[in-house]
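What follows is a short report on a single structure.
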Amino acid sequence: MTENIENKFKSARKLFPVTGNKKNITYLNCASTGPLCKPIKKVLDDFYEAGLYLDKNWDYAAFADLDKIRKLGARMIGARADEVGFGFQTGYGLNIAAFGLPLKRGDEILLSDIEFPSNVYPWLALKERGIKVKFVKSENRFFDIDNFKKAIEKKSRALSLSFVQFFNGYKNDLMEIGKICRDHGMYFIVDGIQGCGVETIDVHKCGIDIFAAGAQKWMLSPQGTGLFYIRRDLQKKLKMPFASWLSVDWKLNFTDLFHYDLPFFDSARRFEMGSYPYSHVHAMAAALELIDSLGIENIQRHNHRLLDILIAYLKASDYYHIVSNIKSKHRSSILAFACDNVGEVHKKLLENKIICAHREGAIRVAVHLYNDETDIKRLIAVLDEFE
Ligand SMILES: Cc1ncc(COP(=O)(O)O)c(C=O)c1O
């Protein structure tokens with residue numbers, strides 16, 4: 001990375017109080033919750049201050065800039081702005097998929113057997129409509145493409161899969177998997193929350209039909225924000241599982257609302273639900289702008305460089321072993337490792353204010369743009385006590 005980019009990362013770090021000395025925290029837990037930065041706090045403070053007095057024309061102020069945010073989100077995943085809408089979390093977009101896709105009794109949905117539950121229950125809820133879920137067996141806790149191919153039958157209509165697996169950071173090869181879906185006439189739905197904002201992706205090239213991601217993790221945004229993408233030519237073929245006053249093209253006309261014949265938006269917005277959590281959505285813009293200014297490729301490189309230090313330490317250790325797949329194609333900004341007494345090591349890390357997660361028998365470390373080498377060194381210093 002050039003010196004210029006490195007300086008940008010140093011400046012970005014300063015925007016995140018979680019990295020400061022005030023609370024002496026080492027934050028390595030973005031896969032759970034993304035920390036907020038100062039520009040976000042400013043947007044939220046301004047919104048709440050305005051909410052105390054409501055002295056500006058709130059009706060219109062709340063809607064300003066929403067298109068800009070959709071565009072930023074779209075650029076992050078290689079989509080068009082009219083393919084992206086605001087959801088409140090990942091489950092929002094996944095429910096649009098489950099209840100909107102033209103599925104019928106007897107159809108089957110394939111899921112991996114190691115999905116986060118957000119990407120399981122919307123599909124299981126289709127049981128009463130006679131639509132079944134089949135779990136594809138993972139190997140070594142990684143999604144297995146051969147098992148996926150073997151699982152496909154005539155009645156298989158869709159695969160819904162995580163971009164990055166939440167507990168071990170396994171990044172799925174969405175390009176190859178998308179091609180298999182297309183070859184079999186199956187819809188391809190992606191739970192993108194563990195990758196969106198930190199991993200490069202082109203939803204078009206991967207042949208993804210619907211992509212859903214809460215913004216509360218790697219998009220570094222407040223809770224209750226998120227994005228969904230729906231492929232352009234699929235939008236009108238989806239059933240509308242719900243509709244709201246913001247699903248129609250009302251042209252921001254607050255003065256004349258009794259026309260109930262307005263057309264639904266000819267874009268992903270037809271699946272948006274009113275009213276938005278405006279303050280949080282506006283705050284999201286500050287985070288997306290920061291991510292955009294650094295560039296996802298640079299962020300990915302920055303994060304991998306940090307995790308390389310940890311990987312070298314773990315590889316040399318007799319005590320710990322890496323459980324993540326660290327091949328370049330499958331690695332992400334999450335690294336999981338285990339040892340005999342994971343619970344105890346995790347407890348010790350928390351006592352030392354090294355914030356990381358204990359998931360599925362391993363310690364999960366998640367780094368993002370605000371982390372630097374000192375964070376990894378502090379982690380290693382505590383791990384070393386168990387060697
Ligand atoms: C892969 C994955 N999907 C979804 C979620 C959360 O879902 P939602 O944003 O709907 O709360 C998480 C973690 O919280 C996750 O790791």
Side-chain angles (χ1 to χ4, degrees), residues 27-36 73 76-77 84-100 109-125 133 135-136 138 141-143 159-172 174 177 188-199 201 203 208 210-229 241-242 271-273 276-277 280-281 284 287 323-325 330-336 355-368:
Y27 195 76
L28 299 168
N29 204 20
C30 195
S32 169
T33 306
L36 301 183
M76 196 176 288
I77 60 171
V84 167
F86 295 115
F88 306 121
Q89 67 293 89
T90 320
Y92 187 90
L94 294 173
N95 272 278
I96 294 175
F99 292 94
I109 308 298
L110 299 188
L111 303 178
S112 102
D113 64 356
I114 44 169
E115 281 301 293
F116 191 82
S118 297
N119 189 26
V120 177
Y121 289 106
W123 303 105
L124 288 180
V133 165
F135 290 100
V136 177
S138 51
R141 307 190 104 188
F142 304 133
F143 182 72
L159 170 74
S160 189
L161 183 70
S162 285
F163 182 6
V164 171
Q165 229 68 55
F166 74 97
F167 62 100
N168 61 13
Y170 185 78
K171 184 163 75 173
N172 280 304
L174 299 185
I177 296 165
F188 186 26
I189 298 98
V190 174
D191 169 344
I193 190 172
Q194 293 290 4
C196 193
V198 70
E199 301 291 333
I201 179 168
V203 285
I208 296 170
I210 297 180
F211 180 94
Q216 72 270 27
K217 299 183 193 285
W218 300 93
M219 283 189 262
L220 303 171
S221 299
Q223 303 285 343
T225 54
L227 296 171
F228 61 87
Y229 149 88
F242 44 71
F271 296 99
E272 286 185 354
M273 188 68 89
Y276 313 111
H280 285 195
V281 170
M284 189 178 168
V323 299
S324 294
N325 185 317
H330 294 299
R331 67 182 296 197
S332 67
S333 293
I334 296 175
L335 189 83
I355 314 296
C356 55
H358 178 184
R359 292 283 187 276
E360 306 297 324
I363 290 171
R364 182 185 70 181
V365 169
V367 294
H368 207 344

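Position 1 is the first residue of the sequence; numbering continues from there. As the structure lists them, so they are numbered: ligands from 1, and atoms in each ligand from 1.
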* With Phe163 via ring pair (Phe, Tyr, Trp, His ring centres under 6.0 Å) - residues at least two apart -> none
* Quick one: list whatever passes ring pair (Phe, Tyr, Trp, His ring centres under 6.0 Å) with Phe88, sequence neighbours left out. => Tyr92
* Structure fact -> Between the CD1 atom in Ile334 and the NE2 atom in His368, the distance rounded to the nearest 0.5 Å is 10.5 Å
* Asked: Is a side-chain N or O of Ser324 found less than 3.5 angstrom from the main chain of Ala336, in a donor-acceptor match?
  -> yes
* Could you tell me whether a side-chain N or O of Asp113 sits under 3.5 Å from a main-chain N or O of Ser138, the two making a donor and an acceptor? => yes
* Structure fact -> Output for ligand 1, non-hydrogen cut-off under 4.0 Å, lists Gln89, Thr90, Gly91, Phe116, Ser118, Ser162, Phe166, Asp191, Ile193, Gln194, Gln216, Lys217
* **Results of side chain to side chain contact (heavy atoms under 4.5 Å, CB included) for Ser160 - residues two or more places apart only** => Leu94, Leu111, Asn119, Trp123, Ile189
